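Reading through the structure tokens given below for one structure.
Proteins come first, then strands; the chains are lettered A, B, ... in the order of their sequence lines, and each starts at number 1. Keep in mind that what you see is a predicted model, and the values were worked out from it rather than measured.
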There are 2 protein chains.
Amino acid sequence: MQDLSSQESAQVSIDEAVVSGILSARIRPGTRLSENEVASLFNVSRTRVREAMMRLEQRGIVKVSPRRGWFVVEPSAEEATDVYAARRVIEAGLLASMNHLSDIGRETLHAHLTEEKAAIAAGDRQRLTCLMGDFHIRIAELSGNPILVEILRDLTARTILISLIYQSDFHAMQSHLGHCRIVTAMEEGDFEKAAALAVEHLDEVETGLDLTRRPDPLADLRRSLSLPPQVPNATHKTKP
Amino acid sequence: MQDLSSQESAQVSIDEAVVSGILSARIRPGTRLSENEVASLFNVSRTRVREAMMRLEQRGIVKVSPRRGWFVVEPSAEEATDVYAARRVIEAGLLASMNHLSDIGRETLHAHLTEEKAAIAAGDRQRLTCLMGDFHIRIAELSGNPILVEILRDLTARTILISLIYQSDFHAMQSHLGHCRIVTAMEEGDFEKAAALAVEHLDEVETGLDLTRRPDPLADLRRSLSLPPQVPNATHKTKP
DNA sequence: CTTACCCATCTTGTATGCAAGATTTGTCGT
DNA sequence: ACGACAAATCTTGCATACAAGATGGGTAAG
């Protein structure tokens with residue numbers, strides 16, 4: 001996660017670098033990933049970049065616009081609701097299927113909640129985004145099922161992209177409390193309740209989205225120029 | 001699905017052909033997929049075959065053995081249990097999250113059960129394998145969530161590979177009855193019960209596996225020579 | 001000033017070439 | 001008859017070359 005741009009960048013897989021960049025909210029939805037640029041960053045030929053992109057496309061993380069380029073996906077409103085629905089199904093099923101919380105599991109979750117609290121106190125928004133997603137991956141890891149972990153990791157990545165598009169202001173404290181409630185239910189051994197809370201939590205987050213927003217193709221430039229984001233109707237066509 | 005070997009085979013995607021071959025149990029686990037051979041079958045260059053293989057690998061359907069070749073996966077016993085566990089989680093979560101069975105949904109499911117019955121009557125085992133998997137995909141489709149459909153399709157493909165390795169004799173009627181029970185519960189509007197039945201059903205099928213079997217690397221040759229399958233200790237090392 | 005059009009440039013799509021490693025087969029020695 | 005060794009063959013890994021399409025900028029016409 002350190003020196004991706006180093007010329008010696010040898011063992012860092014392209015796939016991991018992109019996913020990690022998304023999970024930590026360093027890469028925004030719609031970001032263009034030029035085969036040539038990525039290739040030179042990793043000191044490999046386009047071939048390997050393309051292979052990575054194909055895999056990432058299969059995972060729903062990037063998309064190709066024919067002969068135009070590869071872009072980090074910008075989930076549509078419909079896709080966003082699909083992602084949340086899928087997460088509700090899988091995470092609820094996962095929690096409901098559990099019947100025991102191991103000691104190290106409890107420790108892991110508590111450590112995570114502590115980190116969340118620290119990030120809230122520090123006001124580190126990027127780190128918070130990352131942690132909020134990680135929580136659900138931690139839970140998946142408790143199942144010990146790598147298939148589910150993989151699925152939820154990718155869905156989490158898409159969730160982060162979604163929130164970067166549609167979330168005007170996210171209430172970190174609310175999410176944190178949701179996580180706390182889930183963990184409490186798990187500690188009580190009431191996994192049905194935990195499942196219900198997870199569904200509720202995901203509903204809350206989804207409700208907090210503004211799905212009427214269109215992804216802003218100028219976001220990058222806007223940010224570079226330090227302009228306020230998403231002024232509703234600021235096109236030049238004002239001619240009364 | 002017809003003329004893959006036709007020289008004019010144009011619009012059939014390689015990915016789909018492989019997956020469809022697995023879902024219909026025409027391709028066995030461990031089958032070698034040579035880049036050159038596939039390329040000439042589809043009248044394309046190795047490049048596109050490799051791209052397809054990369055995607056299929058990401059989906060857990062093929063694996064590459066470095067500098068040796070691409071092979072349809074032969075899930076280990078551990079992977080097999082992971083696949084079934086994941087299916088239990090997702091399918092149970094899916095059913096539990098439903099609250100309504102539409103009319104066309106009911107029709108679709110009934111039509112499917114009728115097909116199952118017909119295949120049992122006809123004794124068409126290959127078709128049965130295909131239908132048994134399709135049932136769960138049909139249910140996923142009821143959710144209208146393409147993400148879940150895709151996930152379950154791939155898990156079903158792996159399930160079929162698993163049963164080809166570890167299932168000595170599969171009790172079609174038992175599975176069929178399991179499906180019938182699930183549909184009945186859904187028609188009663190009792191989706192919690194349907195979820196529980198789905199878990200039970202998947203447990204039954206998983207229990208029916210003989211996970212001590214090792215995948216037989218000589219299966220293809222054995223079948224070609226019309227030899228009895230899986231003679232336990234038939235190595236040449238018999239020297240008393 | 002606006003609009004239409006064309007060409008230079010940049011992007012991916014696909015094929016091909018070459019190198020490195022694995023496997024197999026044939027041969028030789030015991 | 002058996003086992004070891006070596007060369008030939010086949011496999012993927014990766015880079016590169018070239019073609020086709022998309023984009024953007026400049027120019028000329030209205």
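For B:W70, whose side chain is taken as the heavy atoms from C-beta onward, the closest listed nucleotide among D:dG13, D:dA15, C:dG13 is D:dG13.
Residue A:S65 is out of contact with every strand shown, counting any heavy-atom pair closer than 4.0 Å.
Counting to the nearest Å, the C1' atom of C:dT12 and the CZ atom of A:R48 are 19 Å from each other. Atom CG in B:N36 sits about 13 Å away from atom C1' in D:dG13, given to the nearest Å. Atom pair B:N43:CG and C:dT14:P shows a separation of 14 Å (rounding to whole Å applied). Atom pair A:E51:CD and C:dT12:P shows a separation of 15 Å (rounding to whole Å applied). Between the CD atom of B:E37 and the P atom of D:dC10 there is a distance of 12 Å, rounded to whole Å. Distance B:R32 CZ to C:dT24 P: 9 Å, rounded to the nearest Å. Taking atom CD on B:E35 and atom P on C:dT16, their separation rounds to 14 Å, with Å as the unit. One atom, NZ of B:K63, and another, P of D:dT11, lie 21 Å apart when rounded to the nearest Å.
For B:H201, the ring-ring contact (aromatic ring centres under 6.0 Å, His included) criterion is met by B:H136, B:H179, not counting sequence neighbours. Under the side chain to side chain contact (heavy atoms under 4.5 Å, CB included) criterion, A:V73 pairs with A:K63, A:P75, A:L161, sequence neighbours left out. Under the rule for a side chain to side chain contact (heavy atoms under 4.5 Å, CB included), the partners of B:S45 that lie at least two apart in sequence or sit in another chain are B:T47. Under the rule for a side chain to side chain contact (heavy atoms under 4.5 Å, CB included), the partners of A:D154 that lie at least two apart in sequence or sit in another chain are A:R59, A:I61.
Side-chain atoms of B:Q167 never come within 3.5 Å of backbone atoms of B:D210 as a donor-acceptor pair (strictly under, hydrogens ignored).
For B:R88 and B:E206, the salt-bridge test passes: some basic side-chain N is under 4.0 Å from an acidic carboxylate O.
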What pairs of donor and acceptor atoms, side-chain ones from residues 51-58 of chain A against any protein atom, are under 3.5 angstrom apart with sequence neighbours left out?
unit_1: A:E51; atom_1: OE2; unit_2: B:R50; atom_2: NH2; d: 3.3
unit_1: A:R55; atom_1: NE; unit_2: A:D15; atom_2: OD2; d: 2.9
unit_1: A:R55; atom_1: NH2; unit_2: A:D15; atom_2: OD1; d: 3.2

### Message
Return a single string for nucleotides 16-22 of chain D, one symbol per nucleotide in 5' to 3' order, where B is base contact, S is sugar-phosphate-only contact and - is none, cutoff 4.0 angstrom on heavy atoms.
### Response
BB--BSS
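Look at B:R50 and you won't find any side-chain N or O under 4.0 angstrom from OP1 or OP2 of D:dT12.
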